[in-house]
Amino acid sequence: MKFFMPTQVISETDCIAKHAEKLASLGSHALIVTGNRSSKLNGSLDDVISALSEYSVSYTVFDKVEENPSVETVMSARDMGIECGADFVIGIGGGSPLDAAKAVALMIRNNEKSWEFLYEAADSSALPLAAVPTTCGTGSEVTGVAVLTRHDLKTKVSAKHKIFPDIAFIDGKYLLSAPKKIIVNTAIDALSHLIESAVNTLADTYSDMSVFAGLKEWAECRRYIEGESELTSAAAMKLMNASALAGMSIAQTGTTIPHSLSYMLTYGAGIPHGAAVGAFQGKYLKYADAERRKAVLDAIGFGDTYELGAYISKLAPVAAERELLERSAESVMKNTAKLALCPYKIDEKIMEDMIDLS
Ligand code: NAP
Ligand code: ZN
């Protein structure tokens, strides 16, 4: 058994202002890596800039991270970071800017390397890194994973290096202004991480600790996810914590079949990550060991996997061409590393059932 989670997690309202010295102590010039809009509107970018300014730490902002960031974007941000002399990186946003920030921190530290280095197995020495999540889905602030779009391969592929942020600043207030659709899609991503970590050959007592704590937080937010109640500050904090706990879980076990099936759907049909992974959760759990299946369903208040699948597809419907689903299934059936993480054997019949989204 092992449990590795080297990120310091600071989770409370106004945590950046309250712990500004921790952020400022990471270096003398920050490259802030973020998307083009939301971090300016939800206050997270201002909070980071105020904290740095309080300690006279200079910064440069790269605000061109797109959804499902590409290797090309990482390399542009890397160039900017080298030019401005950045000695640490701060990622602000959803999983896209956070994943990009990890890859940028790696590539600035290894500035003589070309982009292919991202996909070489090597010791991962990266610049110090802080992460400020503003969605409640990926848990990227506490994982070593950076998922990047590879236009050359027409899909998304994670970098080989494990780059954990040094500090994660988790504050639910950034979620309060997010559109419902983003909250729903990302909350389904967090749930998917918890399910795929629970039903995983690497699951053990330690990963279950974060899985079941995360499922409990998630279940307590159902009425907000379902849109029955307006999101409160307390619920936003809970959703963020569920997402971080889910991230800690996949940091131990990895994601498995549903995530692998999703990548081509996102690349080929533009389906948001959370919806694309959520589409396969009911069926993935259906074939799990009966006791484990019941433990997961009980934790989130569902009677059976059909009910869970119908619930997810109502909140985040996915319409994908049959041909795309088949192509994705075909590539997953060849992915022996991912198949090995699934505790039951995926044969043609089970895969056929999983990709049947009707
Ligand atoms: P995202 O792609 O980071 O962002 C989606 C959209 O949400 C963007 O338009 C973004 O706007 C907006 N947004 C972000 N925070 C907001 C807020 N508080 N209020 C309003 N709008 C907001 O979404 P995500 O689902 O969090 O991340 C998905 C990415 O993470 C995928 O590439 C996926 O593969 C990856 N992922 C990584 C891991 C991991 O362990 N590292 C795990 C799962 C998924 P702006 O562009 O303006 O910021
Ligand atoms: Zn995910």
Side-chain angles (χ1 to χ4, degrees), residues 7 32-45 47 62-71 73-74 91-103 129 131-150 155-159 161-165 168 171-197 231 236 239-240 243-244 246-256 258-267 270-281 316:
T7 304
I32 299 175
V33 174
T34 188
N36 69 358
R37 200 159 169 270
S38 67
S39 63
K40 292 171 191 132
L41 299 179
N42 62 36
S44 50
L45 182 60
D47 283 353
F62 179 90
D63 62 0
K64 295 186 176 52
V65 180
E66 74 277 38
E67 292 183 35
N68 309 297
S70 65
V71 167
T73 298
V74 167
I92 309 176
S96 297
L98 300 192
D99 283 7
K102 292 174 185 175
L129 175 65
V132 182
T134 66
T135 64
C136 54
T138 71
S140 177
E141 65 277 13
V142 291
T143 76
V145 175
V147 189
L148 303 174
T149 292
R150 289 280 301 269
T155 188
K156 292 164 48 169
V157 187
S158 300
H161 305 253
K162 291 278 176 270
I163 309 144
F164 283 86
D171 190 338
K173 75 179 179 184
Y174 304 132
L175 206 55
L176 291 172
S177 55
K180 287 220 161 61
K181 215 170 177 49
I182 286 178
I183 294 174
V184 167
N185 280 336
T186 60
I188 288 175
D189 188 24
L191 176 64
S192 302
H193 297 158
L194 292 164
I195 293 174
E196 289 177 51
S197 190
L231 191 63
L239 279 171
M240 289 294 227
S243 172
M248 287 177 206
S249 308
I250 54 168
Q252 314 312 314
T253 60
T255 56
T256 171
H259 267 70
S260 298
L261 280 172
S262 78
Y263 293 139
M264 280 192 190
L265 268 58
T266 296
Y267 191 95
I271 297 167
H273 175 74
V277 296
F280 306 106
Q281 295 303 324

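When a residue number appears, it is its place in the shown sequence, counting from 1. Every number for a ligand or one of its atoms is a count from 1 in the order of the listing.
Close N/O approach between Gly95 and ligand 1 is found [any backbone or side-chain N/O within under 3.5 Å]. Checked against a 3.5 angstrom limit, the closest N/O atoms of Lys156 and ligand 1 fall inside it. Taking any N or O of Asp189, backbone or side chain, none lies under 3.5 Å from an N or O belonging to ligand 1. Considering backbone and side-chain N/O atoms, Tyr174 comes within less than 3.5 Å of an N/O atom of ligand 1. Some N or O of Glu67 is nearer than 3.5 Å to an N or O of ligand 1, by distance alone. Where the criterion is an N or O separation shorter than 3.5 Å, residue side chain and backbone included, Tyr263 fails it with respect to ligand 1. Considering backbone and side-chain atoms together, Gly139 places no N or O closer than 3.5 Å to any N or O of ligand 1. Of the polar atoms of Thr143, at least one N or O is found under 3.5 Å from an N or O of ligand 1, judged by distance alone.
Counting just the N/O/S atoms of His259, the one with the shortest distance to the Zn ion (ligand 2) is named NE2.
Looking only at atom types and distance, the side chain of Ser262 has no donor-acceptor partner in the side chain of Lys156 under 3.5 Å away. Using a 3.5 Å distance cut-off with no hydrogens or angles, the side chains of Ser39 and Thr34 do pair a donor with an acceptor. Side-chain contact annotation: Glu67 with Ser96, donor-acceptor N/O pair under 3.5 Å absent. Looking at Asp99 and Ser140, their side chains do bring a donor and an acceptor atom within 3.5 Å of each other.
At a 4.0 Å heavy-atom cut-off, ligand 1 touches Thr134 through backbone and side chain alike. Heavy atoms from both the backbone and the side chain of Asn68 come within less than 4.0 Å of ligand 1. Heavy atoms from both the backbone and the side chain of Thr138 come within less than 4.0 Å of ligand 1. At a 4.0 Å heavy-atom cut-off, ligand 1 touches His273 through the side chain alone.
Looking at atom 25 (O) of ligand 1, its nearest protein heavy atom turns out to be Thr186 CG2, 3.4 Å. Protein heavy atom at the shortest distance from atom 21 (N) of ligand 1 is Ser38 CB, 3.5 Å. In this structure, atom 7 (O) of ligand 1 lies nearest to the protein heavy atom Ile182 CD1, 3.1 Å.
Aromatic ring pairs are classed by plane angle as parallel below 30°, tilted from 30° to 60° and perpendicular above 60°; the pair Tyr263 and His273 is parallel.
A heavy-atom distance below 4.5 Å is found between the side chains of Ile183 and Cys136. Residues Lys40 and Asp63 have side chains in contact (heavy-atom distance under 4.5 Å, counting atoms from C-beta outward). Taking 4.5 Å as the limit, every side-chain heavy atom of Thr155 sits out of range of all side-chain heavy atoms of Arg150.
Here is the list of ligand 1 atoms found below 4.0 Å of a heavy atom in Asn42: 17 (C), 18 (N). Residue-ligand proximity, Gly94 to ligand 1, at heavy-atom distances under 4.0 Å covers atoms 3 (O), 26 (O). Heavy-atom contacts of Asn36 reach the following atoms of ligand 1: 47 (O) (cutoff under 4.0 Å). The atoms of ligand 1 that sit less than 4.0 Å from any heavy atom of Lys102 are 41 (N).
Residue nearest to atom 29 (C) of ligand 1, selected from Cys136, Gly93, Ser96: Ser96 (by heavy-atom distance). Remark: among candidates Ile92, Ile163, Asp99, Thr255, the nearest residue to atom 37 (C) of ligand 1 is Asp99, based on non-hydrogen atoms.
The NE2 atom of His193, the Zn ion (ligand 2) and the OD1 atom of Asp189 define an angle of 80° (nearest 10 degrees).
Remark: the backbone N or O of Ser249 is paired with a side-chain donor or acceptor of Ser197 at under 3.5 angstrom. In this structure, the side chain of Ser192 engages the main chain of Ile188 through a donor-acceptor pair within 3.5 Å. Thr149 contributes no side-chain N or O that, together with a main-chain N or O of Ser70, makes up a donor-acceptor pair within less than 3.5 Å. In this structure a side-chain-to-backbone donor-acceptor pair under 3.5 Å is present from Lys102 to Thr143.
Under a 4.0 Å N-O distance rule, the pair Lys173/Asp47 qualifies as a salt bridge.
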